[in-house]
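First up is the structure itself, then whatever we jot down about it.
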Amino acid sequence: MANVSVAAEWQLLADRFYRKLEIYQLRWKHIDLSRYKVACAPFGGPIAVIRDDSKIVQLYAESALRKLRIFNSAGVLISETVWKHPGGRLIGMSWTEDQTLICIVQDGTIYRYNTDSECLEPNFSMGKECFEQNVVECVFWGNGVVCLTEAGKFFCVADFKDIKPYKLADPLIGIEEELPHCIAVIEPQYTLSGNVEVLLGLGDGIVIIDEDEVRQVEVKTKAFIRGEPDQLLYLGPVQKIVLSYDGQYFACFTHDGTLFLLNSRFEYVHKYQCESALPPQQMAWCGLDSVLLYWDDMLLMVGPSEECLSYIYDEPLILIPESDGVRILTNTTMEFLQRVPDSTVTIFKIGSTSPASLLFDALDHFDRRSAKADENLRLIRTSLPEAVEACVDAAGHEFDVSRQRALLRAASYGQAFFGFGSNFQRDRIQEMCRTLRVLNAVHDPQIGVPLSIRQYKSLTAPVLIGRLINAHLHLLALRISEYLGMNQEVVIMHWACSKITASLSIPDATLLDILLDKLKLSKGISYAAVAAHADKSGRRKLAAMLVENEPRSSKQVPLLLSIGEEDTALTKAIDSGDTDLVYLVLFHIWLKRPALEFFGTIQARLVARDLFIAYSRCYKHEFLKDFFLSTGQLQDVAFLLWKESWELGKNPMASKGSPLHGPRIKLIEKAQSLFSETKEHTFESKAAEEHAKLLRIQHELEVSTKQAIFIDSSISDTIRTCIVLGNHRAAMKVKTEFKVSEKRWYWLKVFALATIRDWDALEKFSKEKRPPIGFRPFVEACVDADEKGEALKYIPKLADPREKAEAYARIGMAKEAADAASQAKDGELLGRLKLSFAQNTAASSIFDTLRDRLSFQGVS
């Protein structure tokens, strides 16, 4: 009996059953759809209505003041506002995927509303041409729109999230034709180019336009016989075009009342001859199996056969296409017309003997304590899993709660007779129970979201939660999130922000307690995000109180900066130990406050001060110098100046008498002046003074010699270079200026003269007076230059016989070395000298003889 009563509601079209379910008796009053412009959101979304100002109304029946009103799908008023926009007549309105209402008026202005009837800023325009020519028609899809002007020009917005209108190709160029009979849009996801394409019923055929081109559509007959070529099909003027939900099929209503069904390649699939040639007011696909056509009093369903179904209505209606059917909105009801799911057909079809139908019937016998229950189970024992799955699936497609319960009980009853390893079926039943509880909760008329299970899976639970919280149904959204094991943070945060916006009269301390009571429900909640909303709402004190509860410094510190709590932010950043956060605050304060105030802020905070100094040493010397001067750290300024002078010296242009040396010298002189003001840096002061003096002399030498070889060399190298160049006067000047000692002077001059092999000058220099360094350096200089003859001039003058012996040995004079060593009476020296002449047998014997003589005399 149950099967008969359920199937009696169905209607058969070809080999497929359809059912029309009444979902809601609408709660609104005095709404006549024939006198309103209506926009219905898919997926059971809200309904926006506004009086159509192109139609005559009786003023005594309602106020002359136009209102935009938004209802849920059950006709419960959500919000309303007075329509105040100029710009001419409202041409069209539609809902985007994120449930923003788009309204386009005659001059091309785009107004956006949320579900609270709040106009969102800013407004946009379709462009200058739309403003001048006036928009006469709008065709919406998903997140975009195509507009037609009085001049026959087409303009498109591909995505309302980034409104950038652009012009489409002109289909009327060279054609003396009125505006197109009909317009349909192929969404970018269904086109090969990935761009928006527009179908136009133009003239006697169909035209496709996009941004770049216009092309005529050739409709082909489908070649069913192998080898038969496709032939072109004449449609005649097309009055209506509608695309299927998946973009794979087109339904075209022509001038003679014929409905053609074409595939995406514009190949003929089927046609149906309607009784009326009058174009229908609305056309819509019902899933992918049939097309609905609506005239004033009749709704006609045409399927893939010569048959049709008709429904008579005595009131206007709106067709709302969904992925698995069509919602039908009338003045009084919301209905859902869909193809009966296969699982439902197998169970409830009259005369069905499928396993699922027998299982459902077995439960009925079991409830009546009939033995027939066991008989049914024995018949389907091997097919129980399939029967259980069908019952579960059918339950998901039902809107009636009692029928859902009956089907799930049947599935659970059948599952109880499984053997081991049946956890999959049990989990499937539990999953369906969770899904249906969610769907039944949002089906409630006060919520008014009549989702089917297929729509719910396509929409996804997180999106549903987002829509509920946007409708301020936070409690339901929170319970669903908790029930499905989802993150509740999004719901709680949205509630908190909404509470702040709606509670302007509640004191900050009281509101803080209310907020914290709920925010604590989620451990990962971002107090900083809520505090940011409070700050935007003008409640800075509340924001500061909220941010104190934020445990994550990375979120807390930036928010403190945004609300002007820089000192607190700096303290929090330092306490966190995160140098990146400290630098974030430092840079923020640095840019915002005067220099002296900034210096005062960081002076008392050692970590902040040290990080600032470390950064400034690398990138901001001038600012760092100002800081050191403000704190009296003159020596640190001096060191910075000295470092700058060295950096300037690394410049490749700082050579060949470059004027860059002038600034270098001035920097060092400034450093010397600062060093001299502190007693602890006397050495640095003196060193800086001499460095500046040396650079000045070296600069003059490079200018005079035109050789870049002096700058940044030492005093000794400068003297040596001057002597090598023959500039003895300059060398003597450097010696005098820097009080170079006589010994050092002699060493430098001896080796410099040897370097240029000026042996006469070297000999003359040795005779000026007795050298304070002795004659050994003269000998070494000559030997190093491999001038043994020159060395012989100075070896005899060596006072120490040991030095004399070693000098003779170095130039290979064994006998003289032996004589000098014998004077020294040093056996160890003789041994070393013998080793140096190991290759010379005669020389070795001389050293052996002398060593034996010394040993005989008792000298070691």
Original post:
Checking W10 side chain against K349 main chain: does a donor-acceptor pair fall under 3.5 Å?
Top reply: no
**OP:** Please check if the distance between the ring centroids of F160 and F124 is under 6.0 Å.
**Re:** no
**OP:** To the nearest 0.5 Å, tell me how far M93 CE sits from I104 CD1.
**Re:** 12.0 Å
**OP:** Please work out whether the ring planes of F71 and W28 are parallel, tilted or perpendicular, with thresholds of 30° and 60°.
**Re:** perpendicular
**OP:** Report yes or no: do R16 and S290 form a side-chain donor-acceptor pair below 3.5 Å?
**Re:** no
Original post:
Should the pair F399 and H443 be assigned to parallel (<30°), tilted (30 to 60°) or perpendicular (>60°) ring geometry?
Top reply: parallel
**OP:** Please determine if E335 and R327 form a salt bridge, counting it only when a charged side-chain N lies under 4.0 Å from a carboxylate O.
**Re:** no
Original post:
Below 4.0 angstrom, N of the basic side chain to O of the carboxylate: do R51 and D53 qualify?
Top reply: no
Original post:
Within the distance-only criterion (no hydrogens, no angle test), does the side chain of S357 pair as donor or acceptor with the backbone N or O of S354 below 3.5 angstrom?
Top reply: no
**OP:** Look up atom CD1 in I208 and atom CD1 in I206, then write down how far apart they are to the nearest 0.5 Å.
**Re:** 8.0 Å
**OP:** Might you point out which heavy atoms bring N470 and T115 nearest each other, and give the distance in Å?
**Re:** O-OG1, 3.5 Å
Subject >> Presence of salt bridge, D212 and R215, under 4.0 angstrom >> reply: no
**OP:** Not counting sequence neighbours, which residues clear salt bridge (charged side-chain N to carboxylate O under 4.0 Å, His left out) with K153? List them please.
**Re:** D170
**OP:** Could you pull out the closest heavy-atom pair between N331 and D32, with the gap in Å?
**Re:** ND2-OD1, 3.5 Å
**OP:** Could you tell me whether E9 and R19 have a side-chain N and a carboxylate O separated by less than 4.0 Å?
**Re:** no
Original post:
Looking at the rings of F348 and F360, which for Trp means the six-membered one, are their centres under 6.0 Å apart?
Top reply: yes
Subject >> ring-ring contact (aromatic ring centres under 6.0 Å, His included) partners for H255, two or more places apart >> reply: none
**OP:** To the nearest 0.5 Å, tell me how far L261 CG sits from E267 CD.
**Re:** 14.0 Å
Subject >> Side-chain donor-acceptor pair present, Y311, Q11, cut-off under 3.5 Å >> reply: yes
**OP:** Indicate whether any N or O donor in one side chain lies under 3.5 Å from an N or O acceptor in the other, for T330 and E315.
**Re:** yes
Original post:
Any chance the side chains of D256 and Q273 put a donor and an acceptor closer than 3.5 Å?
Top reply: no
Subject >> Donor-acceptor pair between Q455 and D324 side chains, under 3.5 angstrom >> reply: yes
**OP:** Look at the rings of Y111 and H85 and say which category their plane angle falls in: under 30° parallel, 30 to 60° tilted, over 60° perpendicular.
**Re:** parallel
Original post:
Do the side chain of S73 and the main chain of G44 share a donor and acceptor less than 3.5 angstrom apart?
Top reply: yes
Original post:
Judged by modelled atom types alone, do T191 and E197 share a side-chain donor-acceptor pair under 3.5 Å?
Top reply: no
